[in-house]
Asker: 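Mind looking over this structure? Questions follow.
The structure displayed is predicted, hence computed values, not measured ones. The residues of the chain are indexed from 1 along the displayed sequence. Start at 1 and go down the list; that is how both ligands and their atoms are numbered.
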Amino acid sequence: MTSPALPRVITTVAELRPLLDAQRAAGKSVGLVPTMGALHAGHTSLVEASRRQCDFTVVTIFVNPTQFGPNEDYQKYPRTLDSDLTALAACGTDLVFAPANDEVYRPGHATFVEMHGVALPLEGQRRPGHFRGVATVVLKLFNMVQPDVAFFGRKDYQQTCVIRQLVEDFDLPITIEVCPIVREADGLALSSRNVYLTAAQRQPALVLSRSLRRAAELAAAGEQDAAVILARMHELFFVEPEVRIDYIAVVDPKTLLDVTTIGAKTLAAIAAFVGKTRLIDNRLIGKGADESA
Ligand code: AMP
């Protein structure tokens, strides 16, 4: 069997614009899947969702320097364009936009999106400047591609809140679709950063999803006290000394502020270091939570 042809890759906005104008002129809807590359089945699930909903799917690959803190992994973030293109060919991507840094941040770039509200707690508190970088690059990608629909993963739950706020506040005519978290069979949420984990760290890393499952089970069984749920989640980390909690939180799924009582839909969210690798995971819990989330 021959492998599918690789999607066309373009690197400049000047080339991108006329290509997408032609699609729109032909009455085609455009779906956008923004990524930082190092693609896995979580990313390709977004492409598949776009293909179901839109006529033409654009995947962007750009490791955005402005969303990394000074001591974070920007330099060593995995860059795997060749295998990314093979994966994107297999799931039927129409076009890949992979700009260089100075195409996105041209010399003299001076404008950034500063967000309050949902951008402040959780990741916003631990990674100052992260969502400033995310909101800025996503706004730029939205303006470059001008999609009808943009697809994001619930894996980065707070990011989806930030993007929805951006769309609302800047009156962007774009529909945001949020897709379920894709996990390994053992529960580990797929992440480009999982490649940093050593074989010995792979098992301890499962404590994130295990404790979220415990939270979901407790809430489903009627436990409504957030403090009890948090305590039972923490217990599982006591026996994994190589995993260091950054935060475990039980929050309102819209405001991302801590709750004391579990509502019909509540978000349990975790960030933890496994060795030097920082992993995040989350799960909606409560009687109204969607189990597939
Ligand atoms: P990234 O390349 O890490 O910036 O991620 C690009 C998009 O893929 C974001 O919308 C992520 O939320 C989404 N994504 C990453 N991991 C997963 C996953 N395991 N399941 C679903 N979506 C994911």
Side-chain angles (χ1 to χ4, degrees), residues 31-53 57-69 72-74 76-81 83-85 87-88 91 93 96-99 104 118 122-123 127 130-142 145 147 149-167 174-197 205-206 208-209 212 267 269-271 277-284 290-293:
L32 167 65
V33 178
T35 81
M36 298 205 299
L39 301 182
H40 50 64
H43 297 109
T44 53
S45 76
L46 304 182
V47 175
E48 283 154 10
S50 175
R51 296 238 308 154
R52 284 194 295 273
Q53 202 171 322
T57 294
V58 183
V59 174
T60 60
I61 298 180
F62 179 62
V63 185
N64 175 36
T66 65
Q67 72 187 69
F68 289 79
E72 295 183 354
D73 56 344
Y74 173 67
K76 72 163 189 168
Y77 195 84
R79 289 160 172 87
T80 58
L81 186 62
S83 58
D84 289 351
L85 294 181
L88 292 176
C91 61
T93 305
V96 175
F97 180 52
V104 177
V118 290
L122 306 176
E123 294 297 293
R127 303 183 68 189
H130 172 65
F131 287 126
R132 178 182 192 258
V134 168
T136 301
V137 81
V138 170
L139 180 59
K140 285 181 68 73
L141 294 171
F142 281 177
V145 175
V149 189
F151 296 82
F152 294 87
R154 188 171 285 132
K155 162 75 170 34
D156 297 276
Y157 187 99
Q158 188 172 11
Q159 175 171 276
T160 67
C161 300
V162 164
I163 304 302
R164 285 192 194 283
Q165 187 77 52
L166 180 77
V167 164
I174 299 172
T175 301
I176 302 302
E177 293 289 349
V178 175
C179 301
I181 301 175
V182 177
R183 297 178 180 281
E184 304 279 9
D186 59 12
L188 184 70
L190 296 190
S191 164
S192 304
R193 291 189 168 96
N194 290 351
V195 298
Y196 299 149
L197 298 174
L206 295 179
L208 281 81
S209 55
L212 291 168
L267 182 76
I270 300 179
T277 304
R278 187 174 184 277
L279 300 179
I280 58 171
D281 200 353
N282 69 80
R283 184 162 172 155
L284 287 166
D290 173 3
E291 274 303 298
S292 66

Asker: Nearest protein heavy-atom contact for atom 4 (O) of ligand 1: which residue, which atom, what distance?
Answerer: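 Answer, as residue, atom name and distance: M36 CG, 3.6 Å.
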Asker: What is the distance from atom CG of N282 to atom OG1 of T160, rounded to the nearest 0.5 Å?
Answerer: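 The distance works out to 8.5 Å.
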Asker: Given that the side chain starts at C-beta and the backbone is N, CA, C, O, which of these parts of P34 lies under 4.0 Å from ligand 1, counting heavy atoms, or is it both or neither?
Answerer: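 Backbone only.
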Asker: Return yes or no for this condition: an N or O of F152 is under 3.5 Å from an N or O of ligand 1.
Answerer: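 Between F152 and ligand 1, no N or O pair is found under 3.5 Å apart.
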Asker: Testing I163, L139, T66 one by one against V134 for a side-chain contact (heavy atoms from CB on, under 4.5 Å), which residue passes?
Answerer: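 Of all the options given, the one that passes is I163.
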Asker: If you look at every heavy atom in G37 and H43, which pair is closest and at what distance?
Answerer: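 Taking G37 first and H43 second, the nearest heavy atoms are O-CE1, 3.8 Å.
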Asker: With a 4.0 Å cut-off on N to O distance, would you call D281 and R183 a salt bridge?
Answerer: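 Yes.
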Asker: Give the residue and atom name of whichever protein heavy atom lies nearest to atom 10 (O) of ligand 1, and the separation in Å to one decimal.
Answerer: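 Ranked first by proximity to atom 10 (O) of ligand 1 is G153 N, 2.9 Å.
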Asker: Taking 4.0 angstrom as the limit and counting only heavy atoms of H40, give me the atoms of ligand 1 inside it, by number and element.
Answerer: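 Close to H40: 15 (C), 16 (N), 17 (C).
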Asker: Determine the minimum heavy-atom distance between E177 and V149, stating which atoms define it.
Answerer: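 Heavy atoms only, the tightest pair is CG-CG1, 3.5 Å.
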Asker: Check this for me - ligand 1, L190, N or O atoms closer than 3.5 angstrom, yes or no?
Answerer: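 The answer is yes, given that L190 and ligand 1 share an N or O pair closer than 3.5 Å.
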Asker: Distance to 0.1 Å, residue and atom name: give those for the protein heavy atom nearest to atom 20 (N) of ligand 1.
Answerer: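 For this ligand atom, the closest protein heavy atom is V182 N, 2.9 Å.
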Asker: List the atom of D186, the atom of S209, and the distance in Å for their closest heavy-atom pair.
Answerer: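 Closest approach of D186 to S209, heavy atoms only: O-OG, 4.4 Å.
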Asker: Within 45° of the ring axis of Y74 and under 6.0 Å from its six-membered ring centre, is that where the NZ or CZ of R79 lies?
Answerer: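 Output yes; distance and angle both within limits.
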Asker: What part of T160 sits under 4.0 Å from ligand 1 if we count only heavy atoms: the side chain, the backbone, both or neither?
Answerer: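 T160 to ligand 1: no contact under 4.0 Å from either part.
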Asker: Applying a heavy-atom cut-off of 4.0 Å, say which part of A41 lies close to ligand 1: side chain, backbone, both or neither.
Answerer: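 None of A41 does.
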Asker: Counting non-hydrogen protein atoms only, what is the nearest one to atom 1 (P) of ligand 1? Give residue, atom name and distance.
Answerer: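 Result for atom 1 (P) of ligand 1: H43 NE2, 3.7 Å.
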Asker: Which residue supplies the protein heavy atom nearest to atom 11 (C) of ligand 1, what is that atom called, and how far is it?
Answerer: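 Residue, atom and distance for the closest contact: D156 OD2, 3.1 Å.
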Asker: Working to the nearest 0.5 angstrom, can you tell me the gap between Q165 CD and I176 CD1?
Answerer: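 It is 12.0 Å, given to the nearest 0.5 Å.
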Asker: Which residue supplies the protein heavy atom nearest to atom 21 (C) of ligand 1, what is that atom called, and how far is it?
Answerer: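 Checked against all protein heavy atoms, atom 21 (C) of ligand 1 sits closest to P180 O, 3.4 Å.
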Asker: Which atoms form the tightest heavy-atom contact between F142 and P147, and what is the distance?
Answerer: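 Minimum heavy-atom contact is O-CD, 3.5 Å.
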Asker: Taking all non-hydrogen atoms of both residues into account, name the closest pair between A271 and I280 and its distance.
Answerer: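 Heavy atoms of A271 and I280 come nearest at CB-CG2, 3.7 Å.
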Asker: Provide the number and element of each atom of ligand 1 under 4.0 Å from a heavy atom of K155.
Answerer: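 So the answer, numbered in order with elements, is 16 (N), 17 (C), 18 (C), 23 (C).
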Asker: L46 heavy atoms, cut-off 4.0 Å: which ligand 1 atoms fall inside?
Answerer: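 Selected atoms, number and element: 7 (C), 8 (O), 10 (O), 13 (C).
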Asker: Looking at T35, which atoms of ligand 1 are within less than 4.0 Å of one of its heavy atoms?
Answerer: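 It comes down to these atoms of ligand 1: 2 (O), 6 (C).
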